[in-house]
Amino acid sequence: MSTGAGKTVCVTGASGYIASWLVKLLLSRGYTVKASVRDPNDPRKTEHLRALDGASERLQLFKANLLEEGSFDSVVQGCDGVFHTASPFYHDVQDPQKELIDPAVKGTLNVLNSCAKTPSIKRVVLTSSIAAVAYNGKPRTPEVVVDETWFSNPDFCRETKVGGLWYVVSKTLAEDAAWKLAKEKGMDLVAINPAMVIGPLLQPTLNTSAAAVLSIMKGNAGAQTFPNATFGWVHVKDVAEAHIKAFKIPSANGRYCLVEKVAHYSEVVNTLKKLYPSVQLPEK
């Protein structure tokens with residue numbers, strides 16, 4: 001399916017988990033990919049991208065800083081579409097404003113402002129998260145359907161300190177800012193909101209959602225328990241595929257929640273037991 005032949009697209013934060021898969025699929029379909037990374041000289045961020053099929057011909061790496069105004073101008077130049085996936089995601093946060101919220105919100109506005117100045121761009125696909133959808137205080141009992149009309153409420157999150165609180169706040173504020181700017185500038189924007197993304201890693205560093213599974217296998221640093229929590233789960237390849245569809249299919253619009261299965265951690269543990277019978281897993 002080399003439907004991307006002759007088309008150029010940009011992927012921000014290209015060394016990330018979802019973004020790496022997105023770059024892989026785009027290259028396999030004939031697209032030319034302009035990929036932004038924080039540090040093109042760091043082999044851990046770029047080697048796995050340079051090794052992809054088609055990379056030597058059609059992958060261009062750029063250095064761009066989310067917080068630097070205009071740093072994406074040259075990256076998005078001449079692109080038909082932009083996939084903005086760059087956003088920090090980790091739990092051990094010292095300074096939430098500086099570490100998560102500013103890069104997410106200001107970074108998104110920076111990238112979108114660069115896009116707004118670039119007439120060749122037909123559509124921008126934003127990697128948001130179910131974190132920006134589900135945390136609003138409404139009950140989530142089995143008969144309640146969470147859909148794309150839901151928006152997380154940052155104030156509710158701050159008050160209740162829901163899991164991954166600052167990440168949830170950062171993604172909610174970033175997506176909100178993106179929609180406001182898109183409306184103001186008349187931009188064609190589509191948002192992709194995946195739940196916990198799992199599946200094979202292309203990058204050599206461990207990402208946060210995969211680390212959640214690993215921490216169970218390691219027994220949460222010695223603890224013999226798993227979290228009493230239920231999450232939506234989705235395969236990384238499906239998430240990358242959805243991004244491409246969101247760009248290519250003209251009728252795509254608004255937000256798309258991506259959840260293949262909803263599972264409590266106990267189900268995750270049982271699945272791991274079947275896959276790795278010799279690994280000691282938490283029982284309670």
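Judged by distance alone, with hydrogens and angles left aside, the side-chain atoms of Thr85 form a donor-acceptor pair with the main-chain N or O of Thr12 at under 3.5 Å. A donor-acceptor pair is defined here as one N or O able to donate and one able to accept, closer than 3.5 Å; such a pair exists between the side chain of Tyr17 and the backbone of Gly199. Checking side-chain atoms of Ser71 against main-chain N and O of Asn65 turns up a donor-acceptor pair under 3.5 Å. Of the possible donor and acceptor atoms, one in the side chain of Arg255 sits under 3.5 Å from a partner among the backbone N and O of Glu148. Not a single donor-acceptor pair under 3.5 Å links the side chain of Ser128 to the backbone N or O of Glu175. Within the 3.5 Å criterion, the main-chain N or O of Ser28 finds no donor-acceptor partner in the side chain of Tyr31. A donor-acceptor distance shorter than 3.5 angstrom exists from the side chain of Arg123 to the backbone of Ala252, with no hydrogens or angles considered. The main-chain N or O of Val75 is found under 3.5 Å from a side-chain atom of Lys34 such that the two form a donor-acceptor pair. At least one donor-acceptor pair under 3.5 Å links the side chain of Trp233 to the backbone N or O of Ala263. Remark: side-chain polar atoms of Glu99 are paired, donor with acceptor, to backbone N or O of Gln94 under 3.5 angstrom.
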**Message:** Before you tell me yes or no, could you show the steps for Val9 and Cys79 under side-chain contact (heavy atoms from CB on, under 4.5 Å), namely the whole-Å CA-CA distance, both residues' side-chain angles and the distance that decides it to 0.1 Å?
**Reply:** CA-CA 5 Å; Val9 292; Cys79 288; 5.7 Å; no

**Request:** List the steps and the verdict of side-chain contact (heavy atoms from CB on, under 4.5 Å) for Met217 and Leu281.
**Result:** CA-CA 6 Å; Met217 299 184 76; Leu281 291 161; 4.2 Å; yes

**Request:** Could you walk me through whether Ile198 and Val213 pass the side-chain contact (heavy atoms from CB on, under 4.5 Å) test, one step at a time?
**Result:** CA-CA 9 Å; Ile198 49 172; Val213 177; 4.2 Å; yes

**Request:** List the steps and the verdict of side-chain contact (heavy atoms from CB on, under 4.5 Å) for Leu22 and Leu25.
**Result:** CA-CA 5 Å; Leu22 182 53; Leu25 295 189; 5.7 Å; no

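The shortest heavy-atom contact between Ser114 and Gly70 is OG-CA, 4.4 Å. In plain terms, the two heavy atoms of Pro103 and Lys98 that are nearest each other are CD-O, 3.3 Å. Taking every heavy atom of both residues into account, Ala177 and Val105 meet most closely at CB-CG1, 4.2 Å. In terms of heavy atoms, Val11 sits closest to Val33 at CG2-CG1, 4.0 Å. Nearest heavy atoms, Leu201 versus Ala210: CD1-CB, 4.0 Å.
Asp102 has a carboxylate O that lies under 4.0 Å from a charged side-chain N of Lys106, or vice versa, which qualifies the two as a salt bridge. In summary, Lys122 and Asp80 engage in a salt bridge, as defined by a charged side-chain N under 4.0 Å from a carboxylate O. The pair Arg50-Glu57 does not count as a salt bridge, with every side-chain nitrogen at least 4.0 angstrom from each carboxylate oxygen.
Note on Leu202: it clusters hydrophobically with Leu26, by side-chain heavy-atom contacts below 4.5 Å among ILVMFWY residues. Linking Ile, Leu, Val, Met, Phe, Trp and Tyr residues whenever their side-chain heavy atoms come within less than 4.5 Å leaves Val145 and Val259 in two separate clusters.
Heavy atoms of other residues, nucleotides or ligands lying less than 6.0 angstrom from CD of Glu47 number 12 at most. More than 12 heavy atoms of other residues, nucleotides or ligands sit less than 6.0 Å from atom CG of Asp95. The neighbour count for Asn228 CG, taken as heavy atoms of other residues, nucleotides or ligands under 6.0 Å away, does not exceed 12.
Residues Thr205 and Gln203 have side chains that never bring a donor and an acceptor to within less than 3.5 angstrom of each other. A donor-acceptor contact closer than 3.5 angstrom is absent between the side chains of Glu69 and Asn113. Side-chain contact, His48 with Ser20: a donor N or O sits under 3.5 Å from an acceptor N or O. For the residue pair Asn136 / Ser152, no side-chain donor-acceptor distance below 3.5 Å is found, with atom types taken as modelled.
Legend: residues meeting salt bridge (charged side-chain N to carboxylate O under 4.0 Å, His left out) with Lys273, ordered by chain and number and at least two apart, are Glu283. By the salt bridge (charged side-chain N to carboxylate O under 4.0 Å, His left out) test, Glu267 is found to be paired with Lys261, residues two or more places apart in sequence or in another chain being considered. Shown here are the salt bridge (charged side-chain N to carboxylate O under 4.0 Å, His left out) partners of Asp39, two or more places apart in sequence or in another chain: there are none.
Considering only heavy atoms from C-beta on, Asp188 stays 4.5 Å or farther from Val124 through its side chain. The shortest distance between side-chain heavy atoms of Tyr265 and Phe231 falls below 4.5 Å. At least one side-chain heavy atom of Asp155 sits under 4.5 Å from a side-chain heavy atom of Arg158. Considering only heavy atoms from C-beta on, Leu61 comes within 4.5 Å of Thr46 through its side chain. Contact of the His235 side chain with the Pro200 side chain is registered, since non-hydrogen atoms from C-beta on lie closer than 4.5 Å.
Here Ile244 contributes atom CD1 and Ile192 contributes atom CD1; the two are 10.5 Å apart, rounded to the nearest 0.5 Å. With values rounded to the nearest 0.5 angstrom, Leu258 atom CG is found 10.5 Å from Tyr256 atom OH. Taking CG of Leu59 as the start and CG of Asp53 as the end, the distance is 12.0 Å to the nearest 0.5 Å.
A perpendicular orientation is assigned to the rings of Phe83 and Phe247, their planes being inclined by more than 60° (bins at 30° and 60°).
At least one test fails for Lys237 against the ring of Trp21: distance under 6.0 Å to the centre or angle within 45° of the axis.
Looking at Arg44, Arg38, Lys45 one by one, the single match for salt bridge (charged side-chain N to carboxylate O under 4.0 Å, His left out) with Asp42 turns out to be Arg44. A side-chain contact (heavy atoms from CB on, under 4.5 Å) with Val197 holds for exactly one of Ile18, Asp238, Asn207; it is Ile18.
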